[in-house]
Amino acid sequence: MPQVTAFAAPREGAPLERTTIERREPGPLDVVIEIAFAGICHSDIHTVRGDWGDQQYPLAPGHEIAGVVSAVGSDVTRFAVGDRVGVGCLVNSCGECDGCLRGEEQNCRRGAVGTYGAIDRDGTVTQGGYSTSVVVTEAFVLRIPDAIPLDRAAPLLCAGITTYSPLRHWRVGPGSRVAVIGLGGLGHMGVQIAHALGAEVTVLSQSLGKKDDGLRLGADRYLATSDPETFRGLRRSFDVILNTVSAPLDIDAYLRLLDTNGTLVCVGAPPEPMSFDVSHLISGRRSLAGSNIGGIAETQEMLDFCAEHGIAAEIELIAADDVNDAYERVLASDVRFRFVIDAATLG
């Protein structure tokens, strides 16, 4: 099997290091992608450190992949050598269940195959985008529009679709009142997308440190949750609240900010359980919901929408050797707004 250079965790809790990983021999329906850039997602950190269960190591994370097609299988029809493409959080599914047939491969009843740390249909463990190349079946490859630079497109494959999907599902549009909790890697995408959909957008953040960024990205208001007046003044103010943070929150305080029939949607995944008072749902027929990513068709829709509206991720480009430092900075919320690895530095 072909060997490629990667940055991977050798074991749970260990720093990532330069190594080699195996890629499968390309089949008739496979696309070989020379990776140009790979975004760093908070879930990469949780996974390689074992926060979400045991893993098989070495493990190369990365499910925000942007690059160029370097080879295609004999039966590939949608892509050609030289095409600008991306790979997100999924690389396979059964293709036959009701979820897959609805275009919701992420909800595959037989188990969607994640881009890294998952068992693929051939029994191999998937390895992610912190590497020089990847082999992916054609059906799970996305076309990146020319209007989006590849480095700024990479985070759209996770952060972009993670926020786009719930905003579309809950029918956000002109007249909608949307609050985004947190202005990090997910939140800064949610603000841009909600604004482009025509919503009135409010950012709710611990402090006002990123206020200028939030307003520049399309927020109409930017308020600090550390100020008790914020919660008192916003009772019943929102139709949709998008919770993008991966930390415990006072869910009850945010439910009170929903108007009748409003929904609090969680897309961040804190490692600890959170509790809430169900009476806040009953009062006003409010909903508490969760959303993961989107299917392949919806992810392509998101990329095209971002290209049309001039939306891209705000990034800090780093060399592969800086990945471990970047992880610590992500955990300290010290990034505006997404780290992206320059795969050329993998050598």
Side-chain angles (χ1 to χ4, degrees), residues 37 39-42 64 66 144-145 147-168 170 172-227 230 234 237-247 254 257 264-268 291 293-294 299 301-317 329-330 332-340:
F37 302 101
I40 293 178
C41 178
H42 208 135
E64 297 180 342
I144 296 177
I148 310 175
L150 282 180
D151 54 353
R152 298 183 65 195
L156 301 183
L157 278 304
C158 174
I161 186 57
T162 297
T163 50
Y164 180 86
S165 185
L167 291 171
R168 293 293 283 175
W170 274 276
V172 167
S176 298
R177 299 165 298 166
V178 174
V180 177
I181 305 175
L183 195 73
L186 292 175
H188 92 287
M189 292 306 311
V191 169
Q192 293 182 81
I193 293 168
H195 173 74
L197 288 168
E200 176 187 276
V201 184
T202 300
V203 175
L204 301 175
S205 183
Q206 284 185 312
S207 74
L208 300 180
K210 297 179 182 178
K211 181 176 181 178
D212 290 345
D213 289 319
L215 298 177
R216 173 177 57 83
L217 293 170
D220 298 284
R221 292 185 296 181
Y222 196 108
L223 302 171
T225 55
S226 56
D227 182 355
T230 294
L234 292 177
S237 291
F238 302 112
D239 304 303
V240 173
I241 300 176
L242 190 65
N243 174 22
T244 72
V245 302
S246 295
Y254 289 96
L257 306 187
L264 170 58
V265 187
C266 295
V267 295
S291 181
I293 52 172
T299 304
E301 177 186 301
M302 177 274 304
L303 288 168
D304 295 339
F305 178 88
C306 288
E308 179 184 353
H309 292 275
I311 296 172
E314 302 268 316
I315 68 167
E316 183 176 334
L317 194 63
R329 288 181 58 192
V330 169
S333 299
D334 178 26
V335 54
R336 279 185 162 86
F337 286 93
R338 204 70 156 181
F339 284 118
V340 172

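Residue numbers run from 1 in the order of the sequence given.
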Chi angles and distances behind the side-chain contact (heavy atoms from CB on, under 4.5 Å) call for Ile311, Met189: CA-CA 8 Å; Ile311 296 172; Met189 292 306 311; 3.7 Å; yes

Test log, rule side-chain contact (heavy atoms from CB on, under 4.5 Å), inputs Ile144 and Leu150: CA-CA 8 Å; Ile144 296 177; Leu150 282 180; 3.7 Å; yes

Chi angles and distances behind the side-chain contact (heavy atoms from CB on, under 4.5 Å) call for Val203, Val191: CA-CA 8 Å; Val203 175; Val191 169; 3.6 Å; yes

Using side-chain contact (heavy atoms from CB on, under 4.5 Å), reason through Val178 and Phe238 one step at a time and then give a plain yes or no. CA-CA 6 Å; Val178 174; Phe238 302 112; over 6 Å; no

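Side-chain atoms of Pro145 and Asp304, non-hydrogen and from C-beta on, do get closer than 4.5 Å to each other. Side-chain contact between Leu234 and Leu204 is present, with heavy atoms from C-beta onward closer than 4.5 Å. In this structure, the side chains of Cys158 and Arg338 come closer than 4.5 Å at one or more pairs of heavy atoms. Counting heavy atoms from C-beta on, the side chains of Ile315 and Pro155 come closer than 4.5 Å. Side-chain contact between Pro166 and Leu242 is present, with at least one heavy-atom pair separated by less than 4.5 Å. Within the 4.5 Å cutoff, the side chain of Tyr222 has no heavy atoms near those of the Asp212 side chain. Within the 4.5 Å cutoff, the side chain of Met302 has heavy atoms near those of the Leu156 side chain. Put simply, the side chain of Asp220 does not reach to within 4.5 Å of the side chain of Thr202, judged on heavy atoms.
The side chain to side chain donor-acceptor pair (under 3.5 Å) contacts involving residues 308-317 comprise Arg216-Glu314, Glu316-Arg329, where partners must be two or more places apart or lie in separate chains.
A donor-acceptor pair is defined here as one N or O able to donate and one able to accept, closer than 3.5 Å; no such pair exists between the side chain of Thr162 and the backbone of Ile293. In terms of modelled atom types and a separation under 3.5 Å, the side chain of Ser291 and the main chain of Val267 share no donor-acceptor contact. Side-chain atoms of His188 come within 3.5 Å of backbone N or O of Gly185 as a donor-acceptor pair. A donor-acceptor pair under 3.5 Å links the side-chain atoms of Asp239 to the main chain of Arg177, judged by distance alone. No donor-acceptor pair under 3.5 Å is formed between the side chain of Gln206 and the backbone N or O of Ser226. Lys210 places a side-chain N or O within donor-acceptor distance of the main-chain N or O of Leu183, the cut-off being under 3.5 Å. Of the possible polar contacts, none joining the Asn243 side chain to the Val265 backbone as a donor-acceptor pair under 3.5 Å is found.
Note that the CG atom of Leu264 and the CG atom of Leu257 stand 9.0 Å from one another [nearest 0.5 Å]. Asp213 contributes atom CG, which lies 10.5 Å from atom OG of Ser205 (distance to the nearest 0.5 angstrom). For the atom pair Leu157 CG and Cys41 SG, the distance stands at 11.5 Å (nearest 0.5 Å). Taken from CD1 in Ile181 to OG1 in Thr225, the straight-line distance is 8.5 Å, to the nearest 0.5 Å. Summarising the geometry, atom CZ belonging to Arg152 is positioned 10.5 Å from atom SG belonging to Cys306; distances are rounded to the nearest 0.5 Å.
In plain terms, the two heavy atoms of Phe339 and Val330 that are nearest each other are CD1-CG2, 3.6 Å. Ala199 and Val172 get closest at one heavy-atom pair: CB-CG1, 3.7 Å.
The 12-atom threshold is not exceeded at NE2 of His195, counting heavy atoms of other residues, nucleotides or ligands nearer than 6.0 Å.
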